[in-house]
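Input: a single structure, listed below in structure tokens.
Both counts, for ligands and for their atoms, begin at 1 and track the order of listing.
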Amino acid sequence: MIRLIMNGLEVQAEEGWTLLETAQFYGLEIPTLCHNEGLTPWGGCRLCVVEIGAKPKTRLVSSCTYPAEEGLVVQTDTKRVIRARRMMIELMLSTAPMSKKIQDLASKFGVTEQRYPPRNEECVYCGLCVRMCDEQMDARAIGFQNRGHKRKISTPFDIRSEDCRLCGACIYICPACSARCQGPSAETDICNACLQIEPTCLEEYGELNCWMYDAGRCGTCVQDKSK
Ligand code: FES
């Protein structure tokens, strides 16, 4: 057993537990976005940050990846922690302003100001879809591409991967596009973007779904042109 101090209380953690797991075991709430119990820790969204160490030498770490250590002093909800979380929510909100999950987080943390211009990328690069596809569906049909502002998630060479079994797990787990159109019922879905563009590929959807492609770029129309 590992003994550490969390919010002023002595707590115990099993060998191999993260700070997030320890906090959850003791009922301490820490918000998460890129974390999923069925997937390997990623540490990408930084929403789960906590403050470790003794003042004045404290630092912020992501609790979903940081291991519980003997004697560690941890604070889960200091002003600095809350400020960092609010900043991350604000950034994610600018990236995916239509995400219900991120809107809910903004509401919960009182983020009412939007200092960054909306980018409407509908992806916060949390890596949930990539890990889901690889680790749970054993497909590896999608992955990260490029760096910096060109970073995106797609299939190799941006063409539909033969490894994709159209299981929909990536859509299911995505916090930014989980409400995206599922095909023929676009009129009643939240995204609806494919109804606004020409040519529409709705008639050609068949059993295909929008998946992680931008609306209207499912590839069906490209295939048709080559016939
Ligand atoms: S939940 Fe820990 S970094 Fe995203």
Side-chain angles (χ1 to χ4, degrees), residues 2 4-7 11 13-53 58-69 72-111 116 119 121-137 142-145 147-149 151-153 169-179 212:
I2 299 166
L4 59 156
I5 307 294
M6 208 166 244
N7 293 356
V11 299
E14 300 270 1
E15 199 69 44
W17 278 10
T18 61
L19 294 181
L20 177 66
E21 287 170 316
T22 311
Q24 287 174 337
F25 182 80
Y26 284 93
L28 296 171
E29 191 185 353
I30 295 179
T32 61
L33 188 106
C34 71
H35 179 72
N36 183 287
E37 282 182 10
L39 304 173
T40 52
W42 178 257
C45 73
R46 305 282 295 170
L47 197 60
C48 67
V49 287
V50 293
E51 196 167 358
I52 62 167
T58 60
R59 63 190 173 108
L60 297 180
V61 297
S62 53
S63 63
C64 67
T65 53
Y66 201 93
E69 291 171 350
L72 193 68
V73 177
V74 185
Q75 296 287 342
T76 65
D77 58 359
T78 60
K79 278 186 184 167
R80 188 179 173 197
V81 164
I82 302 295
R83 208 166 43 234
R85 287 179 188 156
R86 287 167 56 95
M87 167 73 83
M88 295 318 298
I89 292 168
E90 209 179 321
L91 284 168
M92 288 191 285
L93 207 51
S94 80
T95 311
M98 299 307 290
S99 163
K100 171 81 167 57
K101 171 124 190 178
I102 297 167
Q103 287 173 4
D104 286 349
L105 281 167
S107 169
K108 184 170 180 180
F109 282 84
V111 178
Y116 311 103
R119 305 209 312 262
E121 291 174 10
E122 289 193 76
C123 178
V124 291
Y125 310 100
C126 64
L128 278 170
C129 58
V130 175
R131 283 175 287 153
M132 181 66 141
C133 186
D134 177 9
E135 298 171 18
Q136 291 292 338
M137 311 319 295
I142 53 176
F144 283 99
Q145 287 184 5
R147 289 170 187 240
H149 70 282
R151 197 165 200 223
K152 65 173 183 175
I153 291 169
C170 53
I171 287 283
Y172 171 77
I173 203 165
C174 174
C177 63
S178 52
M212 27 75 66

Does a salt bridge link Lys108 with Asp104, judged by any charged N lying under 4.0 Å from a carboxylate O?
no
Heavy atoms, side chains only, cut-off 4.5 Å: are Thr32 and Cys64 in contact?
no
Is there side-chain contact between Asn7 and Gln75, with at least one heavy-atom pair below 4.5 Å?
yes
Is there side-chain contact between Thr76 and Leu19, with heavy atoms separated by less than 4.5 Å?
no
Can you label the angle between the Trp42 ring and the Phe144 ring as parallel, tilted or perpendicular, going by 30° and 60°?
parallel
side-chain contact (heavy atoms from CB on, under 4.5 Å) between Arg85 and Ile30, worked out
CA-CA 10 Å; Arg85 287 179 188 156; Ile30 295 179; 3.7 Å; yes
Taking 2.8 Å as the upper limit, name the protein N, O or S atoms near atom 4 (Fe) of ligand 1.
Cys34 SG, Cys45 SG
